[in-house]
Amino acid sequence: MAPGDAFRDSLRRLELLLTAWTLLTAPGVWAQKVRVSEELEAYPTESVDLRCQFIDGGGLTKLTQVSWIWEPVDGQRDNIAVFHPIYGQSFPNPAFKERVLFLHNNLETPSIRISNLRMSDAGRYTCEYATYPTGNEQGTTTLIMLAKPKNSAQVVTVRSGTRSVVVARCEAADGKPAASIKWLSSVGGNHSTSTTSGPDGTVTVRSEYRLVPTPTDNGREVTCMVDQRTQERQWVKSVRLSVEYPPSVSIEGYDNNWYVGRPDAALLCLADANPAPTTVTWSAASGPLPGSVAVDGNRLEVSKVDDAVNTTFICEVTNKHGANRHQITTFVIDALEDPSSAGVVAGAVIGSLLALLLVVALVAVLLTRGRRVQRRGYPSGTDSMATGSGGGSSNGGDYGNKARLLFSNPTNAANKNGAGANNNGPIYTYREGCDATGTLTEKANDFHHHHHLHHTSAVNPPTTHDILLSGELEAAKRRKFDMDDSTEEEEERYDRFGGVGGGGGTMLPPPYHAHRGHGGEEMYLDDDMESQRDGSVISRTAIYV
């Protein structure tokens, strides 16, 4: 063999030896014979099973004893359970006594159960076999103890000020693993977090929320949120801030209408304070409170307003953080009218207005009716056609209302002229500018002669004929006044024939034709009086001299 080949062969053998040594010393190779759980999780007060099984492929290994060794920390090993085929079971550690037992009474499956777990039971548990001829065989399980934190959040009562202070706290106590805390708030603050480990391996996490408190922050909400491995969902709790401050005082109720005699005046003292006010005191700047004033807590009532309450009222409020006051000046004015009679006055005013409107309407109706009468040319109720009064023109009354000739048939001759039942009664005419005697003349029915109806005077009293003629004229006036308004169109047509200045002269109306009566005698129809522009009335059929 060449020297080079011998050297290469030696290197190959050395590599094989190193490989074998690595396989023999590797943990996985040893663990292949002892089967255990790599890691377990458990909670306090619960139970956990630590399983162990020896795997012997060739059946050449002899098992002599098995032990469970607990390593709470690195470098510390304590036997908690031992099983020997001849000497039986043994539990040498008093901390696990009566809490540990073997599930199977044999060496091949020496699994154990630990009951009533504690947080301090966390650590590494090794199942170790004593064998022949290979020596000890083992497998290790890591037990992780979990703890649900005890979460809480509380508010810290503070006083308003100018420096940042803790206003709320949130805590996740005795949890494993450690929890995380967050804050949700609408106020402008910040938070800080601290962690504390317990002797049993648990962790307590605390978080504090800070801000510069003001009275407006009182009652606002901040929310604490806790996340931790053992929780199924996030833990959330909101708290309301408690900021204490001295009173802030105001007075309400004065409406600038305190008049003399007012019975329902009152003032109300309002205070914003935390905690609530302990005392409320009313006083007056002018001295003692007036006799008409009564105090009921924060309310000041005035039984009847008078000049004594024309002063400045002061309300002072106190709580444990201090006192504050507010004042208001009330002015008493004279009562212009009794407020209770306002409704009566209003009713009287409304009634007066309605009455005035009624009077105006009545006057308007009367004026309208008067104009119609004037347009139709009839005298008023006080004028006498027989005497010729009530007429007159712009020249001083020389032209009166002109009477018309009254003709009658035999059947009503007595009613017309009072001369009997024949047609021979006197016929009366009226003529302007009659003689000085002023006598009333009469003549038998002679249509070609005309007589004058003169004004009556104190020297010549009215005769029987005057009275009858006046009554007949009044009856004719009433018949005319009761006619329907439809006759106005006919009157306007008749107006074209007369009047001064209407058409440049006086025009006579068309003549009326006579008709025959039952006796064969001639008769004239009772015609309308024609109204003149100057206010006079002219008959259409009368003969004027």
Okay, side chain of [X], backbone of [Y]: is any donor-acceptor separation there less than 3.5 Å?
| X | Y | value |
| --- | --- | --- |
| H104 | N106 | no |
| T318 | V280 | no |
| S160 | P215 | no |
| N79 | A81 | no |

*asked:* R124 and side-chain hydrogen bond (donor to acceptor under 3.5 Å, both in side chains): which single residue from T140, T141, D74 fits?
replied: D74

*So which of K182, R233, Q234 actually passes side-chain hydrogen bond (donor to acceptor under 3.5 Å, both in side chains) with D227?*
Q234

Heavy atoms, side chains only, cut-off 4.5 Å: are [X] and [Y] in contact?
| X | Y | value |
| --- | --- | --- |
| F102 | C52 | no |
| T131 | T64 | no |
| T157 | V243 | no |
| T230 | P149 | yes |

Euclidean distance, [Y] [atom2] relative to [X] [atom1], rounded to 0.5 Å:
| X | Y | atom1 | atom2 | answer |
| --- | --- | --- | --- | --- |
| I144 | D121 | CD1 | CG | 14.0 Å |
| N151 | E171 | CG | CD | 9.0 Å |
| C224 | Q154 | SG | CD | 9.0 Å |
| Q89 | F83 | CD | CZ | 6.5 Å |
| T193 | R206 | OG1 | CZ | 12.0 Å |
| L300 | W282 | CG | CH2 | 5.0 Å |

*Charged N-O contact under 4.0 Å between R262 and D264*: yes

*So R159 and E244, salt bridge (Lys or Arg N to Asp or Glu O under 4.0 Å) or not? Walk me through it.*
CA-CA 5 Å; R159 181 177 177 179; E244 295 184 348; over 6 Å; no

*Work out which heavy atom in T329 is nearest to a heavy atom in Y254; give both atom names and the distance.*
O-CE2, 3.9 Å

For [X] and [Y], test the side chains for any donor-to-acceptor distance below 3.5 angstrom and give the result as yes or no.
| X | Y | result |
| --- | --- | --- |
| S111 | T109 | no |
| S286 | T311 | yes |
| T223 | W183 | no |
| E128 | T126 | no |
| N190 | Y209 | no |

*Take atom CZ of R210 as the centre, draw a 6.0 Å sphere, and report whether it contains more than 12 heavy atoms from other residues, nucleotides or ligands.*
yes

